[in-house]
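This report concerns only the one structure given below.
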Amino acid sequence: MKITAVKVFVCSPGRNYVTVRVETDEGISGLGDATLNGREKSVVSYLCDHVAPCLIGRDASRIEDTWQYLYRGVYWRRGPVTMVSIGAIDLALWDIKAKVAGLPLYQLLGGKCRDHVRAYCHAFGDDAPRLVEATQAAMDEGFTAVRLQSGLRGLEENYGVADKGKRYEPADAALPREMVWDTPIYLNQMPRVFETVRTAVGEDVALLHDVHHRLSPMEAARLGKDLEPFRPFWMEDPLPCEDQDALSLVRTHTTTPIAVGEVFNSIHDCNRLIANQQLDYLRVAVSHGGGITALRRMASLADLHHVRMACHGPSDVSPVAMAASVHFDLSVPNFGIQEFMGYPPEVRDVFACSHELKKGFLYAGDTPGLGVEFREDAVERYPYKRAFLPVTRLRDGTLWDW
Ligand code: CS2
Ligand code: MG
């Protein structure tokens with residue numbers, strides 16, 4: 001079975017998605033997600049100019065060899081653009097292989113390790129009482145795990161809080177918007193927010209929180225300690241984690257579990273963190289990390305060191321990568337939890353999916369392959385829109401971590 005075409009589509013049903021279709025001479029094609037929020041066109045060029053021409057005529061069944069060819073065979077390795085491109089091709093080839101076998105992808109990955117995938121959703125509020133309402137609403141829908149992001153007193157906007165007309169943090173502006181951040185206010189307020197929500201909703205629901213890389217190691221240690229009484233499921237991305245040793249300082253001071261990795265794109269970004277047990281959950285997205293082939297290697301390494309997988313699943317990961325995450329989550333022994341923000345109707349109109357969310361849990365469905373259909377006319381119906389994520393500054397104008 002030979003690859004005859006690698007097609008790349010960019011559409012914007014509310015936000016930009018880069019979708020890859022690998023076609024074969026036997027009429028079976030596979031889908032991959034190559035979306036890199038705010039950098040979509042770089043990926044399109046990488047795929048169209050540097051990947052697609054090399055794949056025509058190659059055997060579509062040779063998934064590992066193609067991965068090695070695109071990674072090891074290339075002088076410039078790693079980096080988000082390269083790895084999401086490899087990831088998209090990898091997903092498409094797994095999709096093809098599973099369609100040929102007539103099986104949902106998880107069957108080729110060893111079959112189900114669990115019946116369904118526990119998902120967490122996002123709750124946000126301008127203040128703690130609104131966050132209580134949002135958390136309760138999520139629990140009423142059946143979610144057993146909820147991520148809490150709160151507005152901060154004196155700050156107009158905060159990451160992840162789309163309350164009362166404010167924006168989540170999507171790449172929604174043709175030039176980057178600017179947001180203001182204040183660490184002392186955050187460190188004082190966040191534990192109180194957790195206390196209010198935990199007291200209101202009881203101890204059975206898992207409560208998560210995303211710090212979005214904004215603290216120093218000592219500040220993160222303090223936050224972890226201050227949150228401990230309210231039993232957070234995890235504290236996500238407490239630090240900018242290029243400095244792989246910094247997390248060990250955080251861990252010395254707190255038992256609050258740590259989740260990192262949504263900006264990682266290779267096993268080399270996390271192998272020391274995993275081996276040194278500096279994290280509890282690894283958040284690499286199945287697309288950004290180089291596909292199913294690469295994620296399985298990370299999961300095996302993580303499993304040796306008591307680290308669980310928790311693939312990144314924001315709305316800027318398309319339903320194609322979300323489907324791949326669900327198949328992956330069903331099949332790896334060390335699954336932790338799956339982020340699921342859901343998609344608006346425009347996105348569901350472009351991507352028809354067999355996976356579904358029912359009462360806070362994800363199910364893959366039985367459709368052969370990844371179980372996603374992509375409508376190519378989306379490119380005309382929802383054309384690409386240039387869009388940047390915002391930048392963050394301290395009150396005095398100092399540019400801050402994102
Ligand atoms: C977030 C993301 O889902 C998450 O945990 O950190 O929303 C992230 O901000 C975006 O994916 C950025 O592209
Ligand atoms: Mg995050």
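When a ligand or atom number is given, it counts from 1 through the structure's own listing order.
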Under 3.5 Å, is there a donor-acceptor pair linking the side chains of [X] and [Y]?
X    : Y    : value
S12  : N16  : yes
R77  : T82  : no
D349 : Y382 : yes
R214 : T392 : yes
T398 : R393 : no
D33  : Y17  : no

Basic-acidic side-chain contact under 4.0 Å: [X], [Y]:
X    : Y    : answer
R381 : E346 : no
D65  : R58  : yes
R283 : E339 : yes

Considering only the protein, which heavy-atom contact is closest to [atom], and what is its distance?
atom                   : answer
atom 7 (O) of ligand 1 : Y168 OH, 2.6 Å
atom 6 (O) of ligand 1 : E262 OE2, 2.6 Å
atom 9 (O) of ligand 1 : E169 OE2, 2.5 Å
atom 1 (C) of ligand 1 : Y159 OH, 2.9 Å

- Query: Of V10, T35, V8, L31, which is the lone residue that meets side chain to side chain contact (heavy atoms under 4.5 Å, CB included) with T19?
  - Reply: L31
- Note on the structure: Answer key: the N, O or S atom of E236 nearest to the Mg ion (ligand 2) is OE2
- Note on the structure: Atom name of the N, O or S atom of E262 nearest to the Mg ion (ligand 2) is OE1
- Note on the structure: Looking only at non-hydrogen atoms, the one of E236, H212, H122, Q149 nearest atom 5 (O) of ligand 1 is E236
- Query: Who's closest to atom 2 (C) of ligand 1 heavy-atom-wise, of H312, R15, E339?
  - Reply: H312
- Which atoms from ligand 1 have a heavy atom of D210 less than 4.0 Å away? 1 (C), 4 (C), 5 (O), 6 (O)
- Which of the numbered atoms in ligand 1 are below 4.0 angstrom from a heavy atom of R283? 4 (C), 5 (O)
- Message: Is R147 close enough to touch ligand 1? Criterion: a residue heavy atom under 4.0 Å from a ligand atom.
- Response: yes
- Message: Counting only nitrogen or oxygen atoms and a 3.5 angstrom limit, does N37 reach ligand 1?
- Response: yes
- Distance-only N or O hit between ligand 1 and Y120, under 3.5 Å: no
- Confirm or rule out an N/O/S atom of D210, from backbone or side chain, lying less than 2.8 Å from the Mg ion (ligand 2). yes
- Message: With a cut-off of 2.8 Å, does E339 put an N/O/S atom close enough to the Mg ion (ligand 2)?
- Response: no
